[in-house]
Engineer: 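I have a structure here, written as structure tokens, and I will follow up with some questions on it.
Just so it is clear, the values below take in all heavy atoms, side chains as well, and ignore hydrogens, waters and symmetry mates. Numbers here simply count residues along the sequence, with the first being 1. Atoms within each ligand, like the ligands themselves, are counted from 1 in listed order.
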Amino acid sequence: MTTTVRTRVAIVGAGPAGLLLSHLLAKAGIESVVIDQRTREEIETTIRAGILEQGTVAILDSIGPASRARTVGHRHDGIELRFDGEGHRIDFAALVDRGVWLYPQHEVLKDLIAARLADGQDLRFGVTAERVEDADTARPRIVAVDAEGAPLVIDAEFVVGADGSRSVVRGAVTGSSTGGYFREYPFAWFGVLCEAPPSAPELIYSNSANGFALISQRSATVQRMYFQCDPDVDPNSFTEAQLWEELQARVPGVDLQEGPIFQRDVLRFRSFVAFELRKGRAALVGDAAHTVPPTGAKGMNLAVADVVVLERALRALLLDGDERLIDAYAETALRRIWKAQHFSWWMTSMLHVAPGASDFDRLRQLGELSTVVESEAGRTYLAEAYTGWPLA
Ligand code: PHB
């Protein structure tokens with residue numbers, strides 16, 4: 001027996017993009033159903049990145065006191081760029097009068113899920129979308145399988161793929177599940193979570209002859225750190241002592257506060273932008289539409305920016321029958337997406353050491369880093385991009 005549910009907007013994916021979209025739509029009086037194949041527990045405990053742009057925090061404020069980004073998160077007014085054994089502060093507050101918040105993505109997700117459920121949102125976990133049908137008509141639908149293995153159909157007026165880099169909805173929008181502009185990098189990040197006090201007041205992005213490292217934080221007692229590694233490395237092939245040695249070798253001049261490492265993972269990264277972001281009554285947001293390497297801290301922020309543009313377009317379409325904004329959705333969203341792609345690629349290529357890099361490549365990179373930190377224009381560009389261009 002197939003269950004059929006009717007709604008105005010069917011959203012695949014209960015990540016930041018899908019949940020935020022359902023929240024903004026509900027505020028505008030537009031009902032939605034959100035499905036995700038993962039369990040709530042899985043969504044709330046998967047470790048992801050942690051930097052929120054100022055504009056992202058302002059949007060999250062709209063979920064009210066349930067958003068703890070400002071109270072539990074920490075405002076950062078700068079970062080340190082480190083190379084050649086020396087640190088250089090990029091002072092966001094002085095350069096662009098903006099800041100960022102360190103507040104991990106899974107905490108954002110806990111806040112959003114709690115707020116959506118309290119608001120009566122139809123939010124279903126353990127439901128797997130199989131395909132989108134009739135995206136070209138005014139009644140598109142999602143064909144899915146529910147948590148008990150029974151067929152479920154969601155009939156809607158619009159379908160949104162907020163279902164991450166392995167998006168199922170993407171196929172209905174681009175004509176293939178992979179179609180997009182694509183770039184792979186010959187390295188990955190080895191990430192660790194450890195019990196230790198912070199090693200520095202702000203994040204350190206470090207370029208060294210031994211490769212890149214990022215010294216990030218989680219709290220007064222838990223820290224997050226990454227170092228550049230081979231994408232095929234086995235996370236369990238390092239002892240804890242070796243991990244500390246690797247990390248320390250990439251931040252010469254910093255005395256890392258060591259402690260027990262309780263989680264380790266390897267993050268492969270790539271740059272991707274789908275060829276199409278919308279077809280008829282289906283659109284993509286967040287990682288379904290694009291992925292960026294994590295060096296620019298743009299992933300979740302870009303998802304939020306897509307949602308802001310799409311939500312406005314859906315309001316015009318579904319409340320006023322006005323198609324102009326939805327027709328412009330891809331073009332509008334892509335302007336920011338390609339700027340963020342460039343920034344993420346630039347930070348990545350400026351800070352990592354590519355396998356087989358020559359002496360020329362290394363010295364040119366140090367020249368580039370000096371150009372940025374010694375020039376107010378260079379620092380200002382970095383600060384503008386990192387803290388986030390204003391949302392439309
Ligand atoms: C993190 O804290 O996980 C983090 C921070 C900044 C990045 C990437 C990851 O650019």
Side-chain angles (χ1 to χ4, degrees), residues 15-16 45-54 56-57 69 72-82 89-90 92 98-109 165 185 187-207 211-229 235 243 247 250-251 254 256-257 261-271 286-287 290-304 340-352 372 382-388:
T45 54
T46 303
I47 305 289
R48 305 293 281 277
I51 291 288
L52 306 183
E53 294 173 2
Q54 184 158 322
T56 298
V57 174
V72 178
H74 295 276
R75 185 186 159 112
H76 283 230
D77 282 329
I79 56 167
E80 181 176 296
L81 272 194
R82 219 180 157 77
R89 183 160 191 257
I90 308 294
F92 300 154
R98 295 169 77 80
V100 295
W101 272 257
L102 184 68
Y103 186 61
Q105 179 169 328
H106 68 273
E107 296 293 339
V108 174
L109 290 170
S165 54
Y185 298 83
F187 35 75
W189 280 6
F190 197 113
V192 305
L193 275 169
C194 65
E195 272 168 51
S199 293
E202 293 175 337
L203 272 58
I204 302 175
Y205 288 79
S206 179
N207 166 295
F212 170 78
L214 168 59
I215 310 304
S216 184
Q217 312 166 354
R218 283 298 176 264
S219 68
T221 54
V222 173
Q223 311 309 319
R224 180 77 162 142
M225 303 182 192
Y226 305 90
F227 65 87
Q228 176 186 343
C229 68
L243 290 175
L247 282 161
R250 290 144 195 260
V251 285
V254 177
L256 288 182
Q257 304 288 303
I261 290 171
F262 60 90
Q263 173 161 330
R264 42 175 87 193
D265 45 11
V266 172
L267 270 85
R268 286 170 164 260
F269 50 93
R270 55 184 209 155
S271 301
D287 281 2
H290 43 73
T291 50
V292 286
T295 326
K298 284 279 155 274
M300 173 168 40
N301 296 296
L302 208 47
V304 167
Q341 284 292 356
H342 169 70
F343 178 66
S344 305
W345 166 87
W346 176 66
M347 288 283 281
T348 300
S349 55
M350 179 167 68
L351 289 164
H352 293 70
V372 172
L382 198 158
E384 274 172 1
Y386 194 95
T387 59

Engineer: If you take all heavy atoms of Gly191 and Arg224, which pair is closest and at what distance?
Structural biologist: C-NH1, 3.5 Å
Engineer: Counting only heavy atoms, which portion of Leu203 has something under 4.0 Å from ligand 1: side chain, backbone, both, or neither?
Structural biologist: side chain
Engineer: If the cut-off is 4.0 Å to any non-hydrogen atom of Pro294, which atoms of ligand 1 fall inside it?
Structural biologist: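 What qualifies from ligand 1 is 7 (C), 8 (C), 10 (O).
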Engineer: Under 4.0 Å from a heavy atom of Ser216: which atoms of ligand 1 are those, numbered in the order shown and with their elements?
Structural biologist: 1 (C), 2 (O), 5 (C)
Engineer: Whether the Asp287 and Ser165 side chains hold a donor-acceptor pair (N or O, under 3.5 Å, no angle test) is what I'd like checked.
Structural biologist: no
Engineer: Relative to the heavy atoms of Ala297, which atoms of ligand 1 are at a distance of less than 4.0 Å?
Structural biologist: 7 (C), 10 (O)
Engineer: Assess Arg218 for proximity to ligand 1: is some non-hydrogen atom of it under 4.0 Å away?
Structural biologist: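 Within the 4.0 Å threshold, so yes.
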Engineer: Considering Tyr103, Tyr205, Tyr386, which one's heavy-atom position lies nearest to atom 7 (C) of ligand 1?
Structural biologist: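 Of the listed residues, Tyr205 has the closest heavy atom.
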Engineer: With a 4.5 Å heavy-atom cut-off, do Tyr226 and Ile215 have their side chains touching?
Structural biologist: no
Engineer: Between Tyr185 and Ser271, does any side-chain donor sit less than 3.5 Å from a side-chain acceptor?
Structural biologist: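 Result is yes, a qualifying pair exists.
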Engineer: Which atoms of ligand 1 sit under 4.0 Å from any heavy atom of Thr295?
Structural biologist: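 The atoms of ligand 1 under 4.0 Å from a heavy atom of Thr295 are 10 (O).
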Engineer: Short list, please: which atoms of ligand 1 are under 4.0 Å from a heavy atom of Ile51?
Structural biologist: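 Selected atoms, number and element: 5 (C), 6 (C).
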Engineer: If you look at every heavy atom in Arg250 and Gly211, which pair is closest and at what distance?
Structural biologist: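 Nearest heavy atoms, Arg250 then Gly211: CG-O, 3.5 Å.
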Engineer: Against ligand 1, does Trp189 come closer than 4.0 Å with any heavy atom?
Structural biologist: yes
Engineer: Any idea which part of Ala49 is under 4.0 Å from ligand 1, heavy-atom wise: side chain, backbone, both or neither?
Structural biologist: both
Engineer: CZ of Phe227 to CZ of Phe212: how many Å apart, nearest 0.5 Å?
Structural biologist: 12.0 Å
Engineer: Measure the distance from atom 3 (O) of ligand 1 to every protein heavy atom, then report the residue, atom name and distance (to 0.1 Å) of the closest one.
Structural biologist: Tyr226 OH, 2.5 Å
Engineer: Side chain of Glu80, backbone of Arg89: donor and acceptor closer than 3.5 Å?
Structural biologist: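 No: the side chain of Glu80 does not pair with the backbone of Arg89.
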Engineer: Does the separation of the ring centres of Phe269 and His352 fall below 6.0 angstrom?
Structural biologist: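 Ring centres of His352 and Phe269 closer than 6.0 Å.
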